[in-house]
Enquirer: 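After the structure tokens below, expect a handful of questions from me.
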Protein chains: 2
Amino acid sequence: MITIKDIAARLQVSPSTVGRALADDSRISASMKQRVLEVAGEMGYVANRAARMMRGVSSNLVGLVVPDIRNSFFSTMAHALSKCLEQEGYQLTLSETDDDRQTELRQIRELTSANVAGIIIVPSAKPHAETVRLLGMTPHIQLLRKHAALGEQWFGIDDYQAVYQPTRHLVELGHRRIAYIGSLGELPTGGARVKGFRDALALAGGDGQGMEQLGAPGSREFARDALRGLLAQPQPPTALVTGSVLHTFAVLEELWSSGVDVPGQLSVAGFGDELAFRWWGPGLTTVALPVSELATACGLWFVHRMKQKSANSAPYSSITPPTLIVRGSTRPVGPAAA
Amino acid sequence: MITIKDIAARLQVSPSTVGRALADDSRISASMKQRVLEVAGEMGYVANRAARMMRGVSSNLVGLVVPDIRNSFFSTMAHALSKCLEQEGYQLTLSETDDDRQTELRQIRELTSANVAGIIIVPSAKPHAETVRLLGMTPHIQLLRKHAALGEQWFGIDDYQAVYQPTRHLVELGHRRIAYIGSLGELPTGGARVKGFRDALALAGGDGQGMEQLGAPGSREFARDALRGLLAQPQPPTALVTGSVLHTFAVLEELWSSGVDVPGQLSVAGFGDELAFRWWGPGLTTVALPVSELATACGLWFVHRMKQKSANSAPYSSITPPTLIVRGSTRPVGPAAA
DNA sequence: GTGAAAGCGCTAACAA
DNA sequence: TTGTTAGCGCTTTCAC
């Protein structure tokens with residue numbers, strides 16, 4: 001392994017001169033820089049990252065912290081970010097939290113100890129105080145979900161609209177008993193989505209009857225059980241809105257396997273725009289969310305922020321709006337169901 | 001940032017004692033280890049990787065190199081590996097190649113210069129010579145795809161069976177004009193799959209007529225075009241087998257949007273076991289591949305290999321068999337199509 | 001402009 | 001069983 005000492009010896013100068021020349025320090029003469037660069041190239045010098053990092057310089061690692069990479073939301077983001085950061089010489093590391101605050105803390109600890117240049121995180125519902133502290137010491141950006149405690153740089157979708165739009169669509173179709181299966185309100189996104197649901201339902205006036213089923217964001221089981229419970233009621237809902245991709249998948253699976261007639265018996269509006277939603281039953285009415293674009297914007301911003309060395313954590317939020325896609329799974333409330 | 005010195009000071013012992021206790025050195029008394037661990041946890045101590053690496057210990061980074069993380073095959077693997085490696089204190093880094101050998105080389109360069117502990121790679125069709133050389137210097141395991149040049153440690157599925165089984169299934173249903181849409185033979189997996197197709201088709205004797213359409217593994221466009229071409233023929237196939245997840249998705253999409261009658265007009269057998277395959281049209285007959293299990297096995301093996309410090313690159317291959325799942329998209333060849 | 005020297009946090013030889 | 005000490009390769013004062 002060639003070190004700056006080797007180069008220094010070869011050039012009969014001190015190691016610090018070489019180090020400075022390599023760092024393009026303004027105090028070093030152009031000719032010296034020239035010679036150093038030449039010899040370095042010739043000897044096949046490669047900077048020792050570990051040593052550099054020990055001196056406080058952060059690595060080229062960027063930590064991506066998500067609940068579960070198998071969720072297409074997050075793998076799409078990972079892809080977009082990877083593309084974006086790679087161009088600038090950053091390496092993406094992957095950490096999964098399972099939406100568990102302890103796991104999240106462990107991961108953040110790992111990342112900070114690895115001296116990452118920054119962290120892009122989809123935070124859990126209630127990050128640990130220690131997590132907050134550690135993130136405070138590292139440049140970081142929140143993705144999708146936002147916690148005030150974790151700073152003011154955030155890239156997300158308009159969660160409110162993402163549920164408001166499909167719900168309003170159903171209300172306009174005449175539905176009054178509308179169910180919502182989604183994430184708990186303790187998640188900031190969960191809260192906004194529930195609010196979107198309620199506000200849209202309020203458009204129906206006094207007739208509107210919301211049936212909310214809120215559970216863990218990653219739990220398919222919860223969604224299936226919630227759906228069964230709803231359908232078993234004496235006055236089951238005539239329409240259903242889901243508030244997360246995983247819940248949508250679970251609901252589609254359950255509806256499919258239990259043979260519920262959609263939209264005859266139940267109108268359904270999903271969340272996210274998976275390819276398969278198109279061919280599910282009559283085609284699923286759903287909200288498309290520009291996840292890839294969002295992640296790219298986040299990556300660009302991150303790079304931009306890293307370039308200006310000064311600790312920049314100026315508040316910045318980007319909210320991307322969703323798009324309602326109407327397919328066959330929603331239709332006007334029928335006389336039978338009315 | 002808490003260092004071993006802080007712990008040492010708190011415990012009134014020397015830093016080396018703490019270091020040794022943390023490293024579970026046999027010379028340290030159990031009670032001391034106990035106390036150190038306790039205080040370390042309490043103070044939120046996190047080892048400084050950079051410092052450790054400088055002492056020659058390789059990093060705790062493991063590079064995962066895949067074509068595209070959005071492919072559920074690969075995100076499933078990333079998840080399983082992450083879980084597996086995290087327990088042993090490893091951090092997974094993500095690199096995408098787009099199945100391009102130049103990109104692959106760049107990524108491998110990055111990883112080796114970052115001193116990764118090892119690399120788990122789904123190699124591209126024809127890795128660059130430099131890639132081969134660099135991988136030779138780093139512990140690595142091939143996943144899914146296998147190149148002789150990249151060593152003898154490999155975890156994969158039985159590609160041959162994965163296509164042989166569905167094809168035989170179709171032959172047994174009486175189909176004779178069977179098409180195959182899959183990856184090019186230049187990929188080792190692609191070759192085995194094509195062979196599986198041909199061998200199964202041979203069971204039909206002289207009547208069997210294979211129609212092979214081979215293209216880039218990641219190209220949806222190719223698969224759609226290939227399907228259109230097949231259906232436009234004067235004597236279109238009565239059955240279709242796909243040889244990769246992405247091609248399967250593309251085919252399902254195309255069949256769905258062009259309104260082809262499955263299985264009336266065409267029997268279809270897919271590749272992989274996506275949740276959505278169940279509810280596509282009449283339910284897709286497909287081969288389930290134990291991707292998660294495969295990745296876990298690979299992760300365990302990696303950890304095992306790392307533990308025994310000696311450079312161990314003894315050949316090891318693990319081949320996991322697929323399972324055919326018969327649903328509604330395949331049926332005996334009808335009189336109209338015969 | 002350049003050199004000398006002091007560490008960064010950790011591990012590992014050498015002492016005790 | 002534990003303490004002392006010397007670096008790993010680099011950056012960064014402080015001298016000159």
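Just so we're on the same page: letters track the sequence lines, and every chain starts at 1.
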Enquirer: NA contact type, A:M53, heavy-atom cut-off 4.0 Å: base, sugar-phosphate, or nothing?
Expert: nothing
Enquirer: B:E104 and B:T131: side-chain donor and acceptor closer than 3.5 Å?
Expert: no
Enquirer: Is there a side-chain contact between B:N48 and B:T3 in this structure, where contact means two heavy atoms from C-beta onward sitting under 4.5 Å apart?
Expert: no
Enquirer: Measure CE/A:M54 against C1'/D:dT11 and give the value in whole Å, please.
Expert: 11 Å
Enquirer: Could you tell me the separation between the CZ atom of A:R52 and the P atom of D:dC8, rounded to a whole number of Å?
Expert: 18 Å
Enquirer: What's A:R27 touching, base or sugar-phosphate or nothing? Going by heavy atoms closer than 4.0 Å.
Expert: base
Enquirer: Without decimals, in angstroms, what is the distance between B:N48 CG and C:dG9 C1'?
Expert: 6 Å
Enquirer: Starting at atom CZ of A:R55, determine the distance to atom C1' of D:dT11, rounded to an integer number of angstrom.
Expert: 5 Å
Enquirer: Under 4.0 Å between a side-chain nitrogen and a carboxylate oxygen: does that hold for A:D100 and A:R106?
Expert: no
Enquirer: With the threshold set at under 4.0 Å for non-hydrogen atoms, list the residues of residues 3-26 of chain B touching DNA chain C in residue-number order.
Expert: B:T3, B:I4, B:S16, B:R20
Enquirer: How close or far is atom P of D:dT1 from atom CZ of B:R35, stated in whole angstroms?
Expert: 14 Å
Enquirer: Side chain of A:I28, heavy atoms from C-beta onward: which of C:dC10, D:dG9, C:dT2 has the nearest atom to it?
Expert: C:dT2
Enquirer: Going by an N to O cut-off under 4.0 Å, is there a salt bridge joining A:K146 and A:D159?
Expert: no
Enquirer: Would you mind checking if A:E38 and A:R35 are paired as a salt bridge, meaning a charged N to carboxylate O distance below 4.0 Å?
Expert: no
Enquirer: To the nearest Å, give me how far apart CZ (A:R49) and P (D:dC10) are.
Expert: 12 Å
Enquirer: If you look at every heavy atom in B:K33 and B:I28, which pair is closest and at what distance?
Expert: CE-O, 3.5 Å
